[in-house]
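The structure appears below as structure tokens.
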2 protein chains.
Amino acid sequence: MSKRTVPADRCDCEVIHEDVVNSVRAKMPKEETLYDLAELFKVFGDSTRIRILWALDEAEMCVCDIAYLLNMTQSAISHQLRVLKQAKLVRNRKEGKVVYYSLDDEHVKMIFDQGLVHINEE
Amino acid sequence: MSKRTVPADRCDCEVIHEDVVNSVRAKMPKEETLYDLAELFKVFGDSTRIRILWALDEAEMCVCDIAYLLNMTQSAISHQLRVLKQAKLVRNRKEGKVVYYSLDDEHVKMIFDQGLVHINEE
DNA sequence: ATTACATATGAATGATTGTTCATATGTTTA
DNA sequence: TAAACATATGAACAATCATTCATATGTAAT
């Protein structure tokens with residue numbers, strides 16, 4: 001129906017449904033928003049970070065606690081905590097030598113839960 | 001208070017709060033669950049895939065439509081659609097030469113929304 | 001049958017990234 | 001002040017991954 005051949009800019013094929021494409025394009029969010037969204041999910045896309053977040057959802061912990069819990073080196077944990085902090089997913093407070101980390105966003109659990117809904121679906 | 005020195009398995013530090021760690025450990029989900037969760041979010045962690053999913057949430061589209069919309073090659077889109085299909089996030093139907101893709105999970109939008117809530121938070 | 005076209009796919013490549021190792025920083029205690 | 005320790009960080013390395021390129025597959029039209 002809506003067939004129409006267009007010199008494709010970059011895609012190496014003809015457009016089939018240009019009306020649909022235009023309608024979708026009009027409704028798409030800003031490029032930047034989608035980029036930020038991908039960046040956020042990228043942070044969730046690592047099992048070490050997921051485990052850290054899940055642990056911190058249970059209790060505030062220091063770096064060493066987390067390393068021990070996950071059986072990983074302090075350095076590896078520290079690097080990942082930095083990523084989580086930059087993403088504003090965790091915060092920390094210092095008490096002497098010890099640095100305690102905790103969740104900085106109560107939505108983390110909700111994002112997890114939505115993910116679990118998908119996983120547990122057949 | 002709960003200080004206790006333990007020969008750390010793999011972490012190169014002493015455990016500070018073993019009671020907390022044990023309590024958290026008892027509440028952690030299965031390793032596999034968290035791994036699957038990370039795998040799912042990894043799929044969301046790419047702006048091309050995010051854009052495809054967002055577009056498909058608006059309308060069913062064929063591969064060429066999507067390539068044109070996102071100004072990318074048909075091949076790149078096809079590769080990413082395969083990833084999305086494996087993650088059971090999209091499904092497809094064939095009509096002659098043309099393959100139409102659509103969302104396979106109505107929770108995708110909810111996961112997006114949760115992510116956006118975090119992003120739009122200061 | 002042959003051509004045209006939509007889509008899929010394997011190999012190659014460049015970029016990104018998680019972990020390790022070595023070491024630096026900062027705080028506490030002796 | 002010096003030693004001990006928690007944490008942070010930079011460089012290096014291996015692994016993963018998104019895209020490209022070339023080409024294969026399958027369908028429709030001539």
Side-chain angles (χ1 to χ4, degrees), chain A residues 3-8 10-17 21 35 38-39 41-52 60-87 90-101, chain B residues 3-8 10-17 21 35 38-39 41-52 60-87 90-101:
Chain A
K3 189 166 182 85
R4 161 94 199 279
T5 293
V6 166
R10 186 138 191 308
C11 87
D12 42 9
C13 53
E14 324 290 315
V15 177
I16 311 287
H17 312 87
V21 172
Y35 184 81
E39 286 303 301
F41 287 125
K42 205 171 286 181
V43 176
F44 286 95
D46 175 79
S47 63
T48 297
R49 288 191 293 265
I50 286 276
R51 289 185 300 161
I52 293 176
E60 177 190 66
M61 296 174 94
C62 70
V63 178
C64 180
D65 288 341
I66 302 171
Y68 181 69
L69 171 69
L70 303 184
N71 197 33
M72 294 180 66
T73 64
Q74 170 271 320
S75 178
I77 298 300
S78 188
H79 277 296
Q80 297 299 2
L81 284 169
R82 192 158 66 93
V83 174
L84 292 170
K85 182 121 186 274
Q86 281 170 346
V90 305
R91 63 167 156 256
N92 57 13
R93 76 184 168 84
K94 205 164 181 180
E95 203 171 281
K97 288 183 290 191
V98 182
V99 179
Y100 293 93
Y101 282 83
Chain B
K3 188 162 181 88
R4 160 98 198 278
T5 294
V6 167
R10 185 136 191 307
C11 86
D12 42 10
C13 53
E14 326 289 317
V15 177
I16 310 287
H17 313 87
V21 172
Y35 184 80
E39 285 303 301
F41 286 126
K42 205 172 286 182
V43 176
F44 286 95
D46 175 81
S47 64
T48 298
R49 287 192 294 264
I50 285 277
R51 289 185 300 161
I52 293 176
E60 178 189 66
M61 297 173 93
C62 71
V63 178
C64 179
D65 288 341
I66 302 171
Y68 180 69
L69 171 69
L70 303 184
N71 197 34
M72 294 181 66
T73 63
Q74 170 271 321
S75 179
I77 298 300
S78 188
H79 278 295
Q80 296 299 1
L81 284 169
R82 192 158 65 94
V83 174
L84 293 170
K85 182 122 186 273
Q86 281 169 347
V90 305
R91 64 168 155 253
N92 57 14
R93 77 184 167 83
K94 205 165 182 180
E95 202 170 280
K97 287 182 290 190
V98 182
V99 179
Y100 294 93
Y101 282 83

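Lettering of chains follows the sequences in order, A, B, ..., and the numbering in each one begins at 1. Everything numeric here is computed off the predicted structure, so don't read it as measured data.
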| query | Closest to the Glu14(B) side chain: dT7(D), dT20(D), dA6(D)? | reply | dA6(D)
| message | Quick check on contacts: within residues 42-52 of chain B, what sits under 4.0 Å from DNA chain C by heavy-atom distance? | response | none
| field | Gap between atoms CG and C1', on Leu70(A) and dG18(C) respectively (whole Å) | value | 14 Å
| Heavy-atom pair of closest approach, residues Phe41(A) and Ile50(B) | CD1-CD1, 3.9 Å
| field | Shortest non-hydrogen contact from Gly45(B) toward Lys42(A) | value | O-CE, 3.0 Å
| Protein-nucleotide distance (Leu84(B), atom CG; dC17(D), atom C1'), rounded to Å | 14 Å
| Pairwise side-chain contact, Arg82(B) with Ser78(B), heavy-atom cut-off 4.5 Å (strictly under) | no
| field | For Ile16(B) against Cys64(A), the heavy-atom pair lying closest together | value | CG1-CB, 4.2 Å
| task | Take Arg93(A) and Glu60(A), measure what side chain to side chain contact (heavy atoms under 4.5 Å, CB included) needs, and give me the verdict at the end. | result | CA-CA 10 Å; Arg93(A) 76 184 168 84; Glu60(A) 177 190 66; 2.8 Å; yes
| said: Could you walk me through whether Gln80(B) and Val83(B) satisfy the side chain to side chain contact (heavy atoms under 4.5 Å, CB included) test, starting with their C-alpha distance in whole Å, then the side-chain angles of each, then the deciding distance to 0.1 Å, before giving a yes or no? | reply: CA-CA 5 Å; Gln80(B) 296 299 1; Val83(B) 174; 4.0 Å; yes
| request: Compare every heavy atom of Ile52(B) with every heavy atom of Leu84(B), then report the nearest pair and how far apart it is. | output: CD1-CG2, 3.7 Å
| said: Rounded to whole Å, how long is the line connecting atom CG of Leu81(B) with atom C1' of dA18(D)? | reply: 14 Å
| Whole-Å distance separating the NZ atom of Lys97(B) from the P atom of dA29(D) | 7 Å
| request: Write down the distance between CZ (Arg82(B)) and P (dA24(D)), rounded to a whole number of angstrom. | output: 18 Å
| field | Polar side-chain contact His79(B)-dT7(C) base: donor and acceptor under 3.5 Å | value | no
| message | Looking at every heavy atom in both Val90(B) and Leu81(B), which two are closest together, and how far apart are they? | response | CG2-O, 4.0 Å
| said: Closest-nucleotide mapping onto DNA chain C: is Gln74(A) or Gln74(B) further toward the 5' terminus? I mean the 5' end. | reply: Gln74(B)
| task | Using a heavy-atom cut-off of under 4.0 Å over every strand shown, decide if Tyr100(B) touches base, sugar-phosphate, or nothing. | result | nothing
| message | Testing the basics here: between Val43(A) and Arg49(A), what is the closest heavy-atom pair and its distance to 0.1 Å? | response | O-NE, 2.7 Å
| query | The side chain of Val99(B) lies closest to which of these nucleotides: dT9(D), dA8(C), dA8(D)? | reply | dA8(C)
| task | Tell me which nucleotide among dG26(C), dT7(C), dT27(D) gets nearest to the side chain of Ser78(B). | result | dT7(C)
| request: May I have the distance from Ile77(A) (atom CD1) to dT19(C) (atom C1'), rounded to whole angstrom? | output: 11 Å
| query | Atom CD1 of Ile16(A) and atom C1' of dC5(C): how far apart are they, to the nearest Å? | reply | 9 Å
| query | Can you find a donor-acceptor pair, distance only, under 3.5 Å between Thr73(A) side chain and dC21(C) base? | reply | no
| request: Classify the ring geometry between Tyr100(B) and His17(A) as parallel (under 30°), tilted (30 to 60°) or perpendicular (over 60°). | output: tilted
| message | If the helix axis at each end comes from five base pairs, how far does the helix from dA1(C)-dT30(D) to dA30(C)-dT1(D) deviate from straight, to 10°? | response | 10°
| query | Would you say Tyr101(A) reaches dA8(D)'s phosphate, i.e. side-chain N/O to OP1/OP2 under 4.0 Å? | reply | yes
| field | Between dG10(D) (C1') and Gln80(A) (CD): distance, integer Å | value | 16 Å
